[in-house]
Amino acid sequence: MKTFYITTPIYYPNDKLHIGHAYTTVAADAIARFKKLQGYDVFFLTGTDEHGQKIQRRAAKAGKDPKKFVDEIVAGIKQLWSKLGVDYSYFIRTTDEHHERAVQHIFKKIQEKGDIYKATYEGWYCVPCETFWLERQLVDGKCPDCGAPVELLSEESYFFRISKYADRLLKYIEDNPDFIQPVSRRNEMVSFIKSGLEDLCISRTTFDWGIKVPGDPKHVIYVWFDALSNYITALGYPDNTENFQKYWPADVHLVGKEIVRFHTIIWPIILMALDLPLPRKVFGHGWLVLESGKMSKSKGNVIDPIELVNKYGLDAVRYFLLREIPFGSDGMYSEEALVNRINFDLANDLGNLLHRTLTMVRRFAGGKIPAPGREQPEDKRLRLLAAETAEKVAAHMERLEISDAIAAAFSLVAAGNKYVDEMAPWSIAKTGPQERLNTVLYYLCEVLRQCSVMLSPFMIETPGKIMAQLGIGASYLAGTWSELTKWGLTPSGGEVQEPTPIFPRIEPESRSVTGSDAQAELITIEDFKKLELKVAKILEAEKVKGADKLLKLEIDLGGERRQIVSGIAKHYSPEELIGKNIVVLANLQPARIRGVESCGMLLAASSGEKLALVTTDGDIEPGSRIS
């Protein structure tokens with residue numbers, strides 16, 4: 001079986017993680033799930049980086065032993081990954097006994113090779129980043145990465161001869177253009193190497209929370225040398241374990257762009273010094289930022305992902321994180337953007353397709369998925385599009401274009417909704433033949449099954465919910481990508497459930513008008529009496545031919561049957577409107593809209609691109625006057 005090894009950075013447990021950390025790990029989880037779906041034997045590693053001066057200082061401030069301090073935070077991190085549906089293979093902690101022994105082995109092996117030596121270090125150190133800087137690298141005398149003040153250090157230290165490997169590393173990067181991705185990160189690293197690599201200080205004596213240098217315990221090993229080694233120690237290195245033989249070298253190290261330098265310069269040189277193969281790819285993704293800038297614990301502007309999941313649901317949060325931002329670029333987070341994704345993509349598009357399909361199967365096929373009849377050209381186009389979409393999703397995932405992969409999957413959702421509009425099953429139900437109606441309904445059910453498969457690496461609960469409502473069960477999500485994306489696996493005869501929203505539309509908070517605007521809109525009671533507002537029940541609904549936004553509605557006004565035309569087709573499907581009690585302006589002068597007579601106007605509220613019908617609370621008889 002083919003193997004695939006993917007890692008996240010190991011996170012620094014000095015505080016709770018925020019939505020930016022969740023972004024990295026959810027992305028890695030989606031990639032791992034997709035590779036499993038392709039039939040790979042996947043090893044997915046995450047964990048925590050628990051040593052260093054910053055942890056020791058935070059623990060002291062909290063009045064706790066460093067290990068006890070990190071134990072409590074690590075428990076919260078594991079809870080977060082569980083909450084986000086992250087299915088990792090192994091969670092490594094740099095305080096694990098095996099890891100500590102393995103790091104000492106790595107240090108000693110490189111030292112015996114002559115690539116580690118002792119000298120006196122004098123230079124600038126950033127405690128938050130645990131990073132040494134040359135004076136020429138500082139920005140206004142501060143850390144160029146985080147902007148924090150730096151400390152001038154002078155102490156006896158061990159140094160790693162990374163300068164010795166500069167030319168070899170540069171050649172490797174040039175010979176392997178996919179090693180550092182995206183291209184912008186590779187160009188930055190090539191420039192950094194060409195500017196000259198200084199030997200790296202890899203031990204400290206001014207604190208003791210870390211792994212001791214073998215044979216010289218007053219020194220602790222530099223936290224980055226310690227942390228980077230986790231990618232092989234988690235596989236059992238230095239022992240020649242089955243996991244190490246099977247999974248190394250890693251296929252993808254997934255990291256934030258701010259730590260690409262450590263992963264593409266220091267880490268490859270450690271591996272070269274150990275005579276081990278380098279990882280196949282280091283991908284440095286962008287940041288999830290707020291309007292106020294990059295999220296930072298020190299700034300206090302972080303977003304808690306657990307709160308978002310509790311409020312909006314697991315799949316809504318995962319979908320937003322993976323869909324909103326082209327992977328590799330920076331992206332803006334706002335709660336408004338999250339709500340828009342839920343309402344437009346998940347409720348309006350995916351939820352609408354499911355609701356329409358189930359409603360029509362229950363109404364026109366006795367509630368059971370019918371067997372398809374003879375395929376027509378329009379059916380064939382949909383079937384071929386599904387196969388093409390599966391290929392596009394897979395191709396995007398191979399390039400780690402996660403957002404594009406999800407967009408491709410949702411193009412099939414859009415095609416399904418368009419197919420409903422074009423085929424108009426409610427019209428076929430009136431004129432027949434039944435075989436044609438059965439084919440259309442079956443193809444819609446199969447599109448929903450295919451969409452569930454394609455979305456399953458990204459969304460944890462939704463695919464199973466769709467399958468359950470289709471009445472065919474989650475077993476139709478079990479298998480490999482190539483097997484599950486074959487057309488026609490939906491079994492006929494399954495009894496569909498009554499449609500329930502998998503993503504209820506989130507209504508915007510109401511906003512009242514104040515000040516001069518409110519004064520401008522005031523009317524008298526006599527003006528209001530001129531408006532004949534009545535309750536109406538929608539009996540029939542269909543799209544107006546040649547008009548994307550218009551629906552023609554037949555309504556019951558209490559013994560009087562009327563026809564009205566309304567521009568709500570982008571927000572409601574015909575099927576979901578039938579049976580609704582709405583409010584209409586009944587004494588509006590009739591008009592012809594796109595050649596169709598409209599006798600009245602329904603009432604709706606809008607906010608930006610969102611729209612909701614005005615309906616009644618309770619069972620009010622059609623024709624009842626609103627007063």
Side-chain angles (χ1 to χ4, degrees), residues 6-9 11 19-28 30-31 126 129 131 133-134 136-139 142-147 162 165-198 224 228 231 249-269 271 278-296 321-333 337 392 395-408:
I6 184 169
T7 72
T8 71
Y11 301 104
I19 195 73
H21 303 110
Y23 174 53
T24 308
T25 311
V26 167
I31 295 167
C126 173
C129 294
T131 306
W133 297 104
L134 301 173
R136 60 181 170 82
Q137 295 172 317
L138 302 179
V139 176
K142 296 180 179 179
C143 173
D145 274 356
C146 72
I162 65 172
Y165 292 89
D167 291 342
R168 180 177 165 187
L169 177 59
L170 192 60
K171 185 177 188 309
Y172 183 87
I173 294 171
E174 291 171 347
D175 291 346
N176 298 273
D178 288 337
F179 173 55
I180 306 174
Q181 290 292 319
V183 175
S184 58
R185 314 274 187 258
R186 183 176 73 224
N187 293 340
E188 291 170 8
M189 294 306 104
V190 168
S191 176
F192 188 91
I193 296 167
K194 287 183 176 180
S195 70
L197 295 183
E198 302 282 341
W224 273 105
L228 290 165
Y231 301 124
D251 292 275
V252 180
H253 287 324
L254 199 60
V255 300
K257 66 180 183 179
E258 74 279 7
I259 55 174
V260 167
R261 180 168 55 85
F262 300 95
H263 285 80
T264 59
I265 296 177
I266 298 175
W267 177 226
I269 290 176
L271 292 168
L278 273 57
R280 295 186 176 94
K281 189 190 300 291
V282 178
F283 192 99
H285 66 75
W287 291 334
L288 195 63
V289 299
L290 306 174
E291 289 184 4
S292 57
K294 182 189 174 187
M295 276 180 249
S296 166
L321 290 174
L322 299 173
R323 176 67 182 91
E324 185 74 6
I325 307 164
F327 202 56
S329 304
D330 289 349
M332 185 74 70
Y333 168 82
K392 284 182 178 179
H396 284 306
M397 289 302 289
E398 287 301 316
R399 297 189 292 269
L400 304 187
E401 296 165 350
I402 301 176
S403 176
D404 293 331
I406 299 175

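As the structure is a prediction and not an experimental result, all values here were calculated from the model.
For the pair Y172 and P268, the minimum side-chain heavy-atom distance is 4.5 Å or more. Between T131 and R261 the shortest side-chain heavy-atom distance falls below 4.5 Å. Between C126 and D145 there is no side-chain heavy-atom pair separated by less than 4.5 Å.
In terms of the salt bridge (charged side-chain N to carboxylate O under 4.0 Å, His left out) criterion, K281 has no residue partners (sequence neighbours excluded). In this structure Q137 satisfies the side chain to side chain donor-acceptor pair (under 3.5 Å) test with no other residue, sequence neighbours excluded. Under the salt bridge (charged side-chain N to carboxylate O under 4.0 Å, His left out) criterion, R280 pairs with D251, sequence neighbours left out. Scanning for side chain to side chain donor-acceptor pair (under 3.5 Å) contacts around T25 gives Y11, with sequence neighbours left out. Annotation: side chain to side chain contact (heavy atoms under 4.5 Å, CB included) contacts of A395 (sequence neighbours excluded): R399. Not a single ring-ring contact (aromatic ring centres under 6.0 Å, His included) links Y165 to another residue, sequence neighbours left out. Among residues two or more places apart in sequence or in another chain, the salt bridge (charged side-chain N to carboxylate O under 4.0 Å, His left out) test is passed with D330 by K257. Scored by the side chain to side chain donor-acceptor pair (under 3.5 Å) test, H253 finds T7, W267 as partners (sequence neighbours excluded). Scanning for ring-ring contact (aromatic ring centres under 6.0 Å, His included) contacts around F192 gives an empty result, with sequence neighbours left out. Applying the side chain to side chain donor-acceptor pair (under 3.5 Å) criterion to K194, with sequence neighbours excluded, gives no partner residue. The salt bridge (charged side-chain N to carboxylate O under 4.0 Å, His left out) check on E188 picks up nothing, with sequence neighbours excluded. The side chain to side chain contact (heavy atoms under 4.5 Å, CB included) search around A337 returns F320, E324, S334, not counting sequence neighbours.
With hydrogens and angles ignored, the 3.5 Å screen pairs no side-chain donor or acceptor of R323 with any backbone N or O of I406.
When the options L169, V282, I265 are evaluated for a side chain to side chain contact (heavy atoms under 4.5 Å, CB included) with M189, the one that passes is I265.
Aromatic ring centres of Y333 and Y23: separated by at least 6.0 Å.
The CZ atom of F179 sits 15.0 Å away from the CZ atom of R185 when rounded to the nearest 0.5 Å. Rounding to the nearest 0.5 Å places CD1 of I180 at 4.0 Å from CD1 of I173. Here L228 contributes atom CG and I269 contributes atom CD1; the two are 11.5 Å apart, rounded to the nearest 0.5 Å.
By the neighbour-count criterion of 12 heavy atoms within 6.0 Å, atom CG of D167 is sparsely surrounded, having that number or fewer from other residues, nucleotides or ligands.
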